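See structure below.
These numbers were taken from a predicted model, which means no experiment stands behind them. Lettering follows sequence order; numbering is per chain, from 1.
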Protein chains: 2
Amino acid sequence: MAARRPRARGVTVEDVARVAGVSRQTVSNALNAPHRLKPETLERVSAVIEELGYRPDQSARSLRSGTRRIIAYPAPVDDPANPNALMGGFLEAVVAASGEAGYRVLLVRPRPGQSQEQALDELIAARTVDGFLLSDVLRDDPRLAHLTRAGFPFAAFGRTGPDQPQSWVDVDSAQAMIDMVGLVAARGHRRVAFLASSSGLPWMDDRRDGFLAGVRRHGLAGQVYSVPGDDPGEIVRATRELLTGRDRPTAIVAGGDWLALGVYTVARAEGLEIGTDLAVAAFDDLPVTAWLQPALTTVRLPLHRIAKALISRLLQIIEDGVTPRAGLVLPGEPVVRPSLGPPNAL
Amino acid sequence: MAARRPRARGVTVEDVARVAGVSRQTVSNALNAPHRLKPETLERVSAVIEELGYRPDQSARSLRSGTRRIIAYPAPVDDPANPNALMGGFLEAVVAASGEAGYRVLLVRPRPGQSQEQALDELIAARTVDGFLLSDVLRDDPRLAHLTRAGFPFAAFGRTGPDQPQSWVDVDSAQAMIDMVGLVAARGHRRVAFLASSSGLPWMDDRRDGFLAGVRRHGLAGQVYSVPGDDPGEIVRATRELLTGRDRPTAIVAGGDWLALGVYTVARAEGLEIGTDLAVAAFDDLPVTAWLQPALTTVRLPLHRIAKALISRLLQIIEDGVTPRAGLVLPGEPVVRPSLGPPNAL
DNA sequence: GAAGATCGTTTGAACGTTCATATCCGACGC
DNA sequence: GCGTCGGATATGAACGTTCAAACGATCTTC
């Protein structure tokens, strides 16, 4: 068995050196430290490299130099009930940003029966990657604690603890929410509800806190409504309760576009016209919102800037050993669309 | 600058050998060929491996053995106008399937200014990966031609050419569509339209051909309607044209859920009740369809089976040098929901 | 009882690169 | 003329693993 095909021998540094009439090290320098070569030597060697199509063997390079040029991204589990459609866009941005820096992204996930920490340890111990990029960071996320203890480079989309590396980047959800509530207040609304998913996720809490701060600042009557679970059925049920109770809010701010989908569904069933009878705003700007009628007012996340900043911070740790002193907060951008109603609706 | 942190020396095979009182190779065998060891030796060595937390250095292993245990997945560009939400689910399935086989997934994308083939070549020449997993395969896909010429292992989600390795897996879209048209016909519909995105994508053509075959078989009046582009505006415009023209179809089969979203939007605007005035069916079963009212009849793709089959075929090529003689076709599963209307609607 | 055969283990080499150091060579200072 | 410097290139070693082959012990076989 295992009729392994004959090992595909590639072009090595030795081959290039022979053809160019220089030594191994000179070829290596042509790629890694071109300034050390006399211009004419560099040109000659480069020509031969091009001609033979030489690429340094990644394994050999890693073994000797200790650098892999690979970043691991522990993929959040994609719950079909609550597809983190944001993940698609974020991953996209991460791949682009790391590609530009000459790094590649390795998608990892714990094997069945393996804890998250064990999965990280395996990658560290086998020296497979140079660092980790984390997203969906929880409060007291065990992964952060573990990587901090191991002293292994990482960067996180979402705030880390005070005694952990401040290599995080996050969106100023609170401010974006305050702005959003301001827009709602400017349209004359007084009774406003925040629709949250329950689970105590940090980003949801930030958005809720921002909502509450906005409500306080603008002297509105604000109410927080939590959905017990993540699936459409539960969201619809909770939203219906909210919209059919007494003192129905005239505006709903949802903690995410996914929740806003439920608001649209219920509003339609109850004969409420969004933008007129009910103002709706949300968060994330998922692609699917392009289909909503009327178009949804929401907060757009600067995913490309986030990814770029994360990669930049991570590489600073990996390549220069410099850990950022403070996290980076980027603004979310409220995008006003008809679901909020005209400027002076009430 | 570059205050590179001191190289984190890990546990090596030598350390384990010393502690266990055996040779390097015996430790290596304990991991790679346990049957060669006397049971008691194996146990002793395993215990030391466990105790010291030894993991073979991936780079060293790759360098010597020529196998990387990494599969590259060229990530389709995630067009925000037509988010391949399927990609999320498929990628998910691929990561799971390859993880089970002990392989990891490297996400790759051509650098700016780099062609797809060049990006593949770079990975091949640098010996970074063992094989490629391709999706969104086009007719005469240049990537397939290139990998075939290079003799490099790959597996494709989508049919390959006749002179290329038959290492593909695909969904029997045509049959699923024929079945779907059967369901439509059984509900008494006679004028049926197929809504396609234009771009000449193989999977869309397969679905269209299946539709036409179904229409012929059931003696219906079938019409194919192509949307010039992919963004919501165009889809809505084309759909409106279709639904407001004379001889309006009583049933629409969309080439994808994304297109069906347009049908829902237009139907609502035109006052047509889906499931009563208009039957709607589609393809893909994206998560977002959970929000549609009434629920959408669509074709579910066996993404996990597909991913498993792809990985299995790819590893057979990589590890055993065996190229499958024929492609594998898996059935799509029509899921009947209220959008199709009750069994005898007309 | 000697010549194989089998099993379990060890030994030396090799994978392809980069690090650390050495060597060469021309220029310069005294 | 001699020593010194500095830039450009070359040499030997090392990274940690697995391969290929050798080794020693125990078991068959005639």
Side-chain angles (χ1 to χ4, degrees), chain A residues 2 4 6-46 48-49 52-69 124-128 130 319, chain B residues 2 4 6-46 48-49 52-69 124-128 130 319:
Chain A
R4 211 163 288 227
R7 176 90 167 281
R9 290 257 168 279
V11 183
T12 78
V13 69
E14 202 86 47
D15 300 330
V16 177
R18 192 161 359 87
V19 174
V22 295
S23 71
R24 278 195 321 268
Q25 187 62 32
T26 301
V27 176
S28 178
N29 285 338
L31 291 169
N32 302 322
H35 61 276
R36 287 202 197 158
L37 299 199
K38 202 155 46 171
E40 57 207 66
T41 315
L42 176 56
E43 196 175 347
R44 183 158 40 98
V45 174
S46 300
V48 176
I49 288 176
L52 301 186
Y54 167 70
R55 301 278 163 183
D57 180 297
Q58 187 56 50
S59 305
R61 172 179 268 197
S62 299
L63 174 59
R64 180 66 247 229
S65 72
T67 148
R68 257 73 40 189
R69 314 221 109 215
I124 296 174
R127 276 139 288 180
T128 306
D130 295 320
E319 297 182 350
Chain B
R4 212 163 288 226
R7 177 89 168 281
R9 290 256 168 280
V11 182
T12 77
V13 69
E14 203 87 46
D15 300 329
V16 176
R18 193 160 359 88
V19 174
V22 295
S23 71
R24 278 195 323 268
Q25 186 62 30
T26 301
V27 176
S28 177
N29 284 339
L31 290 169
N32 302 322
H35 62 275
R36 287 202 195 157
L37 300 200
K38 202 154 46 171
E40 57 208 65
T41 315
L42 176 57
E43 196 175 345
R44 183 157 42 98
V45 174
S46 300
V48 176
I49 289 177
L52 300 185
Y54 167 70
R55 301 277 164 184
D57 181 297
Q58 187 56 49
S59 305
R61 173 179 267 197
S62 299
L63 175 58
R64 181 65 247 227
S65 71
T67 146
R68 256 75 39 189
R69 316 220 106 213
I124 296 174
R127 277 138 288 179
T128 305
D130 295 320
E319 298 182 348

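- Residues forming a side-chain contact (heavy atoms from CB on, under 4.5 Å) with B:Leu31 (at least two apart in sequence, or on another chain): B:Ile49, B:Tyr54, B:Pro56.
- Contacts with DNA chain D (heavy atom under 4.0 Å) in residues 38-46 of chain B: none are found.
- Listed by chain and number, the residues in a side-chain contact (heavy atoms from CB on, under 4.5 Å) with A:Arg55 are B:Glu122, B:Ala125, B:Ala126 (sequence neighbours excluded).
- For the side chain to side chain donor-acceptor pair (under 3.5 Å) test, residues two or more places apart in sequence or in another chain that qualify with B:Thr26 are B:Ser23.
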Pairs under 3.5 angstrom, nitrogen or oxygen only, protein versus nucleotides 10-12 of chain C, please.
from   : atom 1 : to      : atom 2 : distance (Å)
C:dT10 : OP2    : B:Ser23 : N      : 2.9
C:dT10 : OP2    : B:Ser23 : OG     : 3.0
C:dT10 : OP2    : B:Thr26 : OG1    : 2.6
C:dG12 : N7     : B:Arg24 : NH2    : 3.1
C:dG12 : O6     : B:Arg24 : NH2    : 2.8

Give every donor-acceptor pair under 3.5 Å between a side-chain atom in residues 14-22 of chain B and any protein atom, sequence neighbours left out.
from    : atom 1 : to      : atom 2 : distance (Å)
B:Asp15 : OD1    : B:Arg18 : NH2    : 2.9
B:Asp15 : OD2    : B:Thr12 : N      : 2.9

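- The backbone N or O of A:Gly66 lies less than 3.5 Å from a partner atom in the side chain of A:Arg68, making a donor-acceptor pair.
- Ranked by how close their nearest DNA chain C nucleotide is to the 5' end, B:Arg36 and A:Ser28 are led by B:Arg36.
- For A:Arg24, there are no salt bridge (Lys or Arg N to Asp or Glu O under 4.0 Å) partners at least two apart in sequence or on another chain.
- Taking OG1 of B:Thr67 as the start and CD of B:Gln58 as the end, the distance is 7.5 Å to the nearest 0.5 Å.
- Applying the side-chain hydrogen bond (donor to acceptor under 3.5 Å, both in side chains) rule to pairs touching residues 30-45 of chain A yields A:Ser28-A:Asn32, A:Asn32-A:Arg61, sequence neighbours excluded.
- Comparing the helix axis at one end of the helix from C:dG1-D:dC30 to C:dC30-D:dG1 with that at the other, each defined from 5 consecutive pairs, gives an inter-axis angle of 50° (nearest 10°).
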